Number of protein chains: 2
Amino acid sequence: MEAENPAPKATKPTAAKPKTANPTAANPPAGNQPAANQPAGNPPAEKKKRGRPSRIDLDTLVSVARRILQEEGVAALSMRRVAKEVGATPMALYHHVRDKDELLMLTLAGTADSVPRPELPDDPRDRMLAVAVHMHGTLARMPWVVEVLSLGDLTDKGALWMVEEIIDCCLASGLTPAGAVAAYRTIWHCVYGELVFRQAMARRAEEPDRVRHFPDMLTDADADELPHMTALAGRWLELTAAYDVSVQLGAVIDGLLRAGERG
Amino acid sequence: MEAENPAPKATKPTAAKPKTANPTAANPPAGNQPAANQPAGNPPAEKKKRGRPSRIDLDTLVSVARRILQEEGVAALSMRRVAKEVGATPMALYHHVRDKDELLMLTLAGTADSVPRPELPDDPRDRMLAVAVHMHGTLARMPWVVEVLSLGDLTDKGALWMVEEIIDCCLASGLTPAGAVAAYRTIWHCVYGELVFRQAMARRAEEPDRVRHFPDMLTDADADELPHMTALAGRWLELTAAYDVSVQLGAVIDGLLRAGERG
DNA sequence: ACCTGAACACCGTTCAAGT
DNA sequence: ACCTGAACACCGTTCAAGT
């Protein structure tokens, strides 16, 4: 019954083949959303290809999706919405991307290159701090990227120089390759986590009639078990607002590098 | 026209009043999902209240929602699904919760108390590391909580002892109150970030025919600009799998405490 | 007070058919 | 090869009405 594999040629298309060869190469930096602002109904008919000119192509799809994301966030992005904006049926998109998830990942390509690289100090410790702060600052100005990034990691080739720099600094400071990769990840977690909760707080602040759980849930009866929390409750917003990403990342980096020296 | 506020009594219900007085108090620890496993069509009729006995009450709503979340994740939770499982119309739920977001927040109450508190060492540094590792380990076993937590912070009163402990250790180590709160947040970012990407990696591993962006996107031509990345590309999965949360959190905590000593 | 029924304005995706 | 039309199986939520 299940003897040898029959006809290994191409009888059963394994459904695995991705539709885009190399998305990052096919989708150059794009500066700051080139001309995606006009209503995309009729694309400029000046690109000459043989055969029937397809009404929509992957680049415009991704551009339109990216614009929706940065103007209205991930919640506003739907296949139907993109289809409407390019003047096509929802199902037309599925000829260019496998599904919504693939379209989302493609929107990340080029975002890192849309921002100029900063000058970096030479000292490894200061250098990796500068890179980490730059990562954070860039993403703070692109909230939609943070939302999309939770689906996966490292999809934009233009962002790899930052990873390279941080790992280079770690190695220069004496960490092992494994330690350097781990240190990079920890730094990334700090950056990413801060952005997620900063954005969550911003969203909550927009709907003020929502139940506030903390610190409103604390009563005087909690002072026994939670003395510091009750004491700090009144200042909590002020204290969290004073959070300094640069200072915290500096401390984290110092800890990671010192652990490498000892290990 | 817009003179003095008319009739400050209760003429216009300001739509702000939350429907649950104190969700955490109204919803005790609940151990490990008490008896939410039987089909919840007919609730046990042994609770005697006056007036028409409501067919559904908030507690069963939250229990059912929590079960769906931990069995199938946030994507599977919908108001309609919960309604069906309690044997009611979708709209019946809106008499007990304001919207889906409120229901999600309510599911968090009691989750921290469902896990026993660990023994903690006395030394502040070791103590806060133990708490952080406990946070991470607990949430690693409750992926749905991580997903819901991105909507906000600190909604489960039973989780506050961990924040209290970490802040207490920071203060005992000489940090200022502001420094202690900041240090807690940084530790939380590390814990949370690790969990998000661990889960994202697990999700991606489940659908293996998806495009892998990294490190597959790297070619030999990138060796100039990204020497470490190309060199480490082959070992990347192995290296990230070797990530040790406890070691990393230890280094982060050391860095944070030392920064406090100097500051 | 608590719940139902119908409706509105959406989703992602499959499938068969058109050119 | 590229796209359409209709359909499937869903969403969260509003509104008017029932008891």
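Note on naming: letters A, B, ... go to the chains in the order of the sequence lines (proteins, then strands), and numbering restarts at 1 for each one. Bear in mind that the values here come from a model prediction, so they are computed numbers and not experimental data. Side-chain atoms are counted along with the backbone in the values below, which use heavy atoms only and exclude waters and symmetry mates.
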### Message
Nearest to the B/Ser78 side chain among D/dC3, D/dG12, C/dC3, which nucleotide is it?
### Response
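Of the options given, the side chain of B/Ser78 lies nearest D/dG12.
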
### Query
Which of the following nucleotides, C/dG12, C/dA1, D/dT13, is nearest to the side chain of B/His95?
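Among the listed nucleotides, the one closest to the side chain of B/His95 is C/dA1.
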
### Query
According to the interplanar angle, ranging from 0 to 90°, do the rings of B/Trp188 and A/Phe197 count as parallel (below 30°), tilted (30 to 60°) or perpendicular (above 60°)?
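Rings of B/Trp188 and A/Phe197: tilted, 30 to 60°.
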
Provide, to the nearest angstrom, the distance between the [atom1] atom belonging to [X] and the [atom2] atom belonging to [N].
X        : N      : atom1 : atom2 : value
A/Met79  : C/dT14 : CE    : P     : 10 Å
B/Lys100 : D/dC11 : NZ    : C1'   : 8 Å
B/Leu58  : C/dA1  : CG    : P     : 17 Å
B/Glu72  : D/dC10 : CD    : P     : 12 Å
A/Leu61  : C/dG12 : CG    : P     : 13 Å

### Task
Under the ring pair (Phe, Tyr, Trp, His ring centres under 6.0 Å) rule, what do B/Tyr184 and B/His189 come out as? Steps first, then yes or no, please.
CA-CA 9 Å; B/Tyr184 157 70; B/His189 295 155; 8.5 Å; no

### Task
Report which part of the nucleic acid A/Met91 touches: base, sugar-phosphate, or nothing (heavy-atom distance under 4.0 Å, all strands).
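Counting heavy atoms under 4.0 Å across all strands, the contact made by A/Met91 includes a base.
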
### Query
Between B/His96 and C/dA1, is there a side-chain N or O to OP1/OP2 distance below 4.0 Å?
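Answer is no, no contact under 4.0 Å.
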
### Query
For D/dC3, does OP1 or OP2 lie under 4.0 Å from any side-chain N or O of A/Thr89?
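Checking A/Thr89 against D/dC3: no side-chain N or O falls below 4.0 Å of OP1 or OP2.
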
#### Entry: NZ/NE/NH1/NH2 to OD/OE distance under 4.0 Å, B/Asp101 and A/Arg203
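A/Arg203 and B/Asp101: not salt-bridged.
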
### Message
Go nucleotide by nucleotide along DNA chain D from the 5' end; which of A/Arg80 and A/Ala92 gets its closest nucleotide reached first?
### Response
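Nearest-nucleotide comparison on DNA chain D picks A/Ala92.
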
### Task
Determine the Euclidean distance between corresponding P atoms of D/dA9 and C/dA9; express it in Å to zero decimal places.
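Result for the P pair: 24 Å, nearest Å.
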
### Message
Between B/Phe214 and A/Lys157, does the side-chain contact (heavy atoms from CB on, under 4.5 Å) criterion hold? Intermediate values first, please.
### Response
CA-CA 9 Å; B/Phe214 184 83; A/Lys157 204 169 180 179; over 6 Å; no

